[in-house]
Amino acid sequence: MRYVESLNRSLHALLERDERVLFIGEDILDPYGGAFKVSKGLSTRFPDRVITTPISEAGIVGFGSGLALRGFRPIVEIMFGDFIALCADQIINGATKFSWMYNDQVRVPLVIRTPMGGRRGYGPTHSQSLERLFFGVTGLTVVAPSHMHMPGVCLEHAVADDRGPVLFIENKKLYPSHVLDDGASMHEDFSVRCIRNCNAKFPTMALTLAPSSDPDVLLLAYGGMASYAIDAAHTALMEHEVVVEVLLPSLVKPLPVEDFLPSVEKCGRVVVCEEAPKASGWGAEVSACLTEALFDRLHRPVARVCSTDTPIPSSMPLEENVLPQTADLVEAILLQVGVR
Amino acid sequence: MSNRVAIATVPQLGVNDDHAVIMAWHAEDRALISLGTLLCTLETTKAVYEVHAEESGILLRLAPVEAEVRVSQPIALIGPDLAELEVLQKERYAPPSGKVSEGLGSLVLSSKATRKAAVLAVHLGVRLDEINIPGIIRERDVLDYAARREGGTESLDQLVWDFSRIPVVVYGAGRGAVTMSESLDLAGKHHVACFVDDNPQHPVELAGRPVFHSSKLETIVARGVRTFAVAISIGTVRIGILHKCLGLGLEPVNVIHPMAFVSRSVKLGSCNYIKAGAIVETNTMVGDGCLIDNGAIVAHDCTLEDACHLAPGCSLGSSVIVGRYSIVGIGVHVATGTRIGAYSILSVGAGVVRDVPDHSIVEGVPGRVVGKRKSTG
Amino acid sequence: MTIIRRFEERILELFSKGELFGTTHACVGQEAIGVALVESLTLGDIIISNHRCHGHYLARTGDVRGLMAELMGKKEGVCGGRGGSQHLCRENFYTNGVQGNMSPVAVGMAFAEKRKKTGAVTVLFVGDGTFGEGVLYEALNMASLWNVPLLLVVENNRIAQSTLIAKGIAGSFVGRARGFDIEASEIESNDVEELVGVLKKALEHVRDGGRPFVQVINTFRLCGHSKGDDFRDPAEIERGRSRDPLKILSSRMESASVARIDKESNRIVKDAEEFARNGAFAEWSVRKGRTGR
């Protein structure tokens, strides 16, 4: 099953099971079925529960908040994650505040879904990973499943979460990728396990090529960076005999630190990567949390592999220079073990 | 032209070099060459070396330019029949079916074994498909298999024990390791249980002790050897191994020959080696992984940063600072208060009277900067 | 209305004495609108208000004690002290402090009620200044497109903080509404009895007609925007006093009734003040989470 199919199936299931679920977004009606076809078939099957909107990102997020406050379970799609900047006030000063500032009298079970990420040549305003701007927003949960999770299942859990709102990040490059089916291992030779120390609904997947050895280095990634992390781990072992354990959380905020700690304790060398610039990003948060929790067990500072501090160009060779690649991850891994 | 196929391999280029880079090929691929033809030039950290054909015949290159190759690695085939050479290349030295990495196109790479395992398998004459383990085959798996096949030549029962002393594993099994082993012996507190080395073609035994491959290190630790010393002359490698061993929980030891004088006020880091006749005077500070050779004189209040090598008979005046990874050559004199930058080489007999910048090569009396040290070997 | 007036006057006093937290936006002079509206509201109807919400709140809920306690930051406050003056919520009454940002939320709520077939109307209060915010136009577009039962009441006091309407708003409010195919009506009044009729009609239009409606009420703010920030021409403010809704209504009543109402209002406000003063602050383990682990 592909990532986009997993989402589509779960959306059908959600609308079928619960009348309160509404699907809202721009250009989502059949036959077009959404810019990335995630909502294909929904408006045909559930014509009165799928609402196509004007181009009003702030408006539709507020609209979703209003619906959520009055008993519905709206799923709002923002067509490109870059447009989430338009929704900032509604998210920051609306959806994520109502529950707390009204002294827990209300709930806002709103899910905002949006695709982020580059590597398709869409240019500076259609390639970003802007979820990092919302990491500091209290009251917001951010979920970003990779292809090693079941994105549809994550979405179902997000919609079912009473305590919303949830910002659900999909990586657009992942849409055609195959996802982890039960039992099937997609990356040959990797052994996969599922960690749920922190949150049973949004697990962290752990992958290693050498399950019988303690890892030399941990590599943390989420969303679209997952496949690069897995490739880097493969190269690290095959070319350099460095054992890397890849940790892929699906819950990005709040950070599921408990999922990482047992592995960090075993090896004390960590590399974090993200498809976004370094300053004050996800890697900064991971680094700070791990340092606070396990300073004595870290042999070296947590290394961060990130995009360069520039907008993302459209020309593919230029874009490759900006976004982190497998080689960058391998380099960082080798530096952590002192081979470089 | 001979009938047999000759394999040109990478020679041992320096006592301390186990890698070289192919700078350029000078003989044409798949062309007829005669005995003595210059095939290629290899470069190490400090030298450039020419490889000549030892046979006449048709040349088939096995590695490209800029490839990093190991000592003893095959880099060319020479034989009477090109077709036969190509068959040989495909069978034994074929590039992998997937991505070919630079450097070792002579190996059979599979998705089930790491590159190092594949290299080792070639050296030990092991076929990877004979090794039956779950998961990816690593170097140590190849060694284990080879050992079991040969009836345990790498048996750890050969570790040497002396219960009145602390056992030490010496990392490195070259000639320097023999000297270090004697220093430890004479110093009286430690004894060498064994040596380990990264080179899969290490000697089986050295100075009456067994030599194991470095992949056995964890097992050696498990057997009870908790202390290590590093007998490697290349500074960066030495430091890398220092960290690796620390990571395994081993304790480093500073090896000091009883006939060296080290003042009590000297501050030593870890994993340093001070040889017979060396003098290190009061209040000098030494970092990690330094090598102070026979008869080297370090006056008071000097600072030696990590991984310096002070060669035999060199003398440092007081308050001299030597930057990390620098080499002070045999018989070099360094004037009082001079600062030697990091990664520098002071050539034999130089007389250094003024500060030396990082990465410099200095020659002569008075010392002049004659070049830049281009790598950190 | 008197209660509201006395309340607002008292809190302005308390603020200037430094006894209340933060800031507030009193609605002195605009009391008639909220009071007139609630006459025609049913239990299920929703009100969404803004930073200048006390009048609306008190008219709708009568919860003088809760509001005073909220301003004093106490746990018996409407939101336990968390929201303060601008962020209130009680049953179907919601406010938020950022101009215009509740407008799409109001559309969502109206849409929800329509779907649930409750017949409820959502009333959204905005001011003239709110029409500078883009999201309000997004909301109007959606409201009209989807026929949501939304009543937008524009309290046009012709001044946004310190900016007179001439410098902030081009065109007209009614024109804007009609631009979205939304019917609109405008009236200049501070007469509560007159406004009752106007707002009743407006609500009916929405409830029975199933279309959104915009009711513009031109009024006058007799106090500053928040506290001590009124730089209008004093003569103009004086003229405004003649349109004081309390004056207008009490001129039609017997002075004895007026005095009685006055006395009662004072008592209610005083009681609320004492209630709030005696209340405790909400208990939280505030310290946790401030220093790392």
Side-chain angles (χ1 to χ4, degrees), chain A residues 185-193 206-218 228 230-246 263-271 294 296-301 303 325-327 330-331 333-340, chain B residues 19 68 96-104 107-121 128 133-144 198 200 213-215 217-219 221 230 235-249 288-289 306-307 375-376:
Chain A
S185 177
M186 284 151 30
H187 291 273
E188 238 180 69
D189 301 320
F190 274 91
S191 77
V192 182
R193 69 194 166 94
L207 285 82
T208 176
L209 280 168
S212 53
S213 307
D214 277 350
D216 296 315
V217 178
L218 281 189
Y228 293 84
I230 293 170
D231 282 346
H234 189 262
T235 304
L237 183 68
M238 300 306 274
E239 298 295 319
H240 306 280
E241 289 219 348
V242 175
V243 178
V244 177
E245 182 174 36
V246 180
S263 299
V264 177
E265 257 185 300
K266 276 194 220 150
C267 73
R269 289 170 213 273
V270 183
V271 175
L294 285 174
D296 291 332
R297 304 296 273 254
L298 290 174
H299 295 302
R300 297 193 64 131
Q325 308 296 339
T326 303
V330 174
E331 183 76 16
I333 290 167
L334 296 178
L335 275 165
Q336 280 298 64
V337 286
V339 170
R340 283 269 189 278
Chain B
H19 275 97
E68 194 186 63
S97 51
K99 226 167 53 157
V100 183
S101 283
E102 344 68 44
L104 298 171
L107 300 178
V108 182
L109 291 182
S110 87
S111 64
K112 290 292 180 194
T114 68
R115 171 180 302 283
K116 290 187 185 180
V119 171
L120 186 57
L128 288 173
I133 55 155
I136 311 271
I137 299 170
R138 284 186 269 175
E139 236 182 354
R140 62 191 196 188
D141 302 312
V142 177
L143 277 170
D144 279 347
D198 288 333
H213 187 264
S214 53
S215 56
L217 196 52
E218 282 165 325
T219 327
V221 174
V230 183
T236 44
V237 180
R238 195 157 66 238
I239 294 294
I241 291 171
L242 165 62
H243 287 137
K244 173 177 164 181
C245 293
L246 288 176
L248 289 171
D288 297 334
D306 291 353
S375 68
T376 60

Student: At what distance, to the nearest 0.5 angstrom, does CG of A:Leu237 lie from CD1 of B:Ile136?
Tutor: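 Going from CG on A:Leu237 over to CD1 on B:Ile136, the span is 6.0 Å.
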Student: In Å, rounded to the nearest 0.5 Å, how long is the span from NE2 of B:His243 to CZ of A:Arg300?
Tutor: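 Nearest 0.5 Å value for the NE2-CZ distance: 7.5 Å.
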Student: Counting only heavy atoms closer than 4.5 Å, note whether A:Val242 contacts chain B via side chain, backbone, both or neither.
Tutor: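 Neither; nothing under 4.5 Å.
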Student: Using every non-hydrogen atom in the two residues, find where A:Ala210 and B:Arg138 come nearest and quote the distance to one decimal.
Tutor: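 A:Ala210 and B:Arg138 have their closest heavy atoms at CB-NH2, 3.3 Å.
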Student: Are A:Ser213 and B:Glu218 close enough, and set up right, to give a side chain to side chain contact (heavy atoms under 4.5 Å, CB included), and what steps lead you there?
Tutor: CA-CA 12 Å; A:Ser213 307; B:Glu218 282 165 325; over 6 Å; no
Student: On a heavy-atom basis, which atom in A:Glu241 and which in B:Ala117 lie closest, and how many Å separate them?
Tutor: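 The pair with the smallest heavy-atom distance is OE2-N, 3.9 Å.
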